Amino acid sequence: MPTQAYLLLSAALFCLGIFGALTRRNAIGVLVAIELMANAVNINLVAFSRVWGSLTGQVFTLFSLALTVSEVVIGLAIVILLYRAHQSVLTDSASEMKG
Amino acid sequence: MASQIAFGLIAACMLCAGALAVTSKNLVHSVLWLAVSLVATAALYVTLAAPFLAAMQIMLYTGGVITLMLFGVMLTDHRHDVGVLNDSSRRMPGILAAGAVFGVLASAMWRSGMPTSPVIFDSSTAKLGALIFSDHLVAFEALSVLLLAAMLGAIVLARRHDA
């Protein structure tokens with residue numbers, strides 16, 4: 001397969017993630033969309049690693065997996081705090097800092 | 001030929017599951033569609049000569065992240081949010097923003113000269129491990145500190161202060 005096919009697939013997945021992050025009102029829905037975007041980036045790294053015959057891209061992807069997992073852990077902790085404070089996980093309910 | 005068919009199937013699976021994950025009205029369904037998309041990504045890693053990453057993808061994402069997210073959905077009450085899960089007034093701006101980003105990325109890719117025929121290389125897990133524990137050792141140690149910090153941070157954040 002040409003490299004562009006993998007890059008286009010990952011770009012499409014990334015844009016689905018952007019759409020989700022912009023339209024979701026539920027904080028967990030936003031997290032789901034962010035996961036899609038992070039996953040799209042990883043596909044790029046692995047595809048480049050394959051094309052240039054270097055394993056460094058795969059090492060990067062492993063590190064990025066671990067980073068994404070810690071991001072989800074903290075994100076969900078924040079969502080649970082938001083729920084405790086507002087009895088809702090709608091992103092609109094967290095508006096105390098709005099000027 | 002077989003690789004083209006495999007790529008087409010995996011790509012179709014991944015994109016459909018991704019689209020359903022960001023549009024589904026039910027949050028549990030949305031998380032499960034995300035899981036389908038992530039498993040399809042693991043299959044793509046197998047076709048890209050990265051079997052260890054495929055295993056990690058399934059263990060960390062579908063094993064860890066999806067379970068965590070389902071817990072998150074169930075710990076927070078989302079029953080009365082179902083009808084307003086997607087803000088329809090934001091749908092058009094969302095489509096426009098995503099389409100614009102896709103256009104920029106696709107045109108950039110189209111113009112860049114990428115080598116099309118992948119080189120044959122040794123991508124065994126043994127080599128990957130040797131690379132991590134030699135060239136990338138400092139980053140690996142830093143990552144373990146980050147994971148510890150994330151774990152402690154999550155415990156501290158989610159703890160009830162009155163208990």
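It should be emphasised that the depicted structure is a prediction, and the values quoted were computed from it without experimental measurement. Residue numbers start from 1 in every chain, and the chains themselves are labelled A, B, ... in the order their sequence lines are given, proteins ahead of strands.
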Q) Most heavy-atom pairs under 4.5 angstrom with chain B, which of A:V69, A:N42, A:V30, A:I80? A) A:N42
Q) With a 4.5 Å heavy-atom cut-off, do B:F52 and A:L62 have their side chains touching? A) yes
(Q) With a 4.5 angstrom heavy-atom cut-off, is it the side chain or the backbone of B:A100 that approaches chain A, or both, or neither? (A) neither
Q) Taking all atoms of both residues into account, what is the closest heavy-atom pair of B:R159 and A:R84, and its distance? A) O-NH1, 3.5 Å
Q. Rounded to the nearest 0.5 Å, how far does CG of B:L27 lie from CZ of A:R24?
A. 6.5 Å
Q: Please flag which part of B:Y61 lies under 4.5 Å from any non-hydrogen atom of chain A: side chain, backbone, both or neither.
A: side chain
**Q.** Between CG on residue A:L67 and CG on residue B:L146, distance to nearest 0.5 Å
**A.** 6.0 Å
Q) Is B:L15 reachable from B:L48 through a run of hydrophobic residues whose side-chain heavy atoms are each under 4.5 Å from the next? A) yes
Q. Hey, is the main chain of B:A49 close enough, under 3.5 Å, to the side chain of A:Q58 for a donor-acceptor pair?
A. yes
Q.
Please say yes or no: joined through hydrophobic side-chain contacts below 4.5 Å, possibly via intermediate residues, are B:L68 and A:I74 part of one cluster?
A. no
Q.
Between A:V59, A:L82, A:L8, who has the most heavy-atom pairs with chain B when the cutoff is under 4.5 Å?
A. A:V59
**Q.** Rounded distance (nearest 0.5 Å) linking atom CD1 of B:I95 with atom CG of A:L22
**A.** 11.0 Å
**Q.** Closest heavy-atom pair and its distance - B:V22, A:L16
**A.** CG1-O, 3.6 Å
Q.
Under a 3.5 Å distance rule, please check whether A:R50 uses its side chain to pair with a backbone N or O of B:Y45 as donor and acceptor.
A. no
Q.
So for A:L76, is it side chain, backbone, both, or neither that comes closer than 4.5 Å to the heavy atoms of chain B?
A. side chain
**Q.** Among A:C15, A:G17, A:A77, residue most engaged with chain B (heavy-atom pairs, under 4.5 Å)
**A.** A:C15
Q: Flag the one option from A:L65, A:V72, A:V73 with the top tally of heavy-atom pairs under 4.5 Å to chain B.
A: A:L65
Q | Contact class of B:F7 relative to chain A, heavy atoms under 4.5 angstrom | A | side chain
Q: Please state whether the side chain, the backbone, both or neither of B:L34 comes within less than 4.5 Å of a heavy atom of chain A.
A: side chain
Q | Spacing of CG belonging to A:L31 relative to OG belonging to B:S30, to within rounding of 0.5 Å | A | 10.5 Å
Q: Measure the spacing between OG of A:S64 and CG of B:L143 and express it to the nearest 0.5 Å.
A: 10.0 Å
Q.
Under a 4.5 Å cutoff for heavy-atom pairs, which residue among A:I78, A:I28, A:V79 has the most contacts with chain B?
A. A:I28
Q | For chain B, the option from A:A21, A:A11, A:S54 that forms the most heavy-atom pairs under 4.5 Å | A | A:A11
Q) Taking C-beta and beyond as the side chain, do A:F63 and B:F140 meet within less than 4.5 Å on heavy atoms? A) yes
**Q.** Spatial distance of atom OG1 (A:T61) from atom CD (B:Q57) [nearest 0.5 Å]
**A.** 9.5 Å
Q) For A:L36, is it the side chain, the backbone, both, or neither that has a heavy atom closer than 4.5 Å to a heavy atom of chain B? A) both
**Q.** Region of A:A5 in contact with chain B, defined by heavy-atom distances below 4.5 Å
**A.** both
(Q) Does A:F48, at its CZ atom, have more than 12 non-hydrogen atoms belonging to other residues, nucleotides or ligands within less than 6.0 Å? (A) yes
Q | B:L60 reachable from A:I43 in the ILVMFWY side-chain graph, under 4.5 Å edges | A | yes
Q) Given that the side chain runs from C-beta out, which part of A:T56 has a heavy atom under 4.5 Å from chain B: side chain, backbone, both or neither? A) both
Q | Side chains of A:F19 and B:T23 in contact at under 4.5 Å (non-hydrogen atoms) | A | yes
**Q.** Toward chain B, the part of A:Y6 with a non-hydrogen atom under 4.5 Å
**A.** both
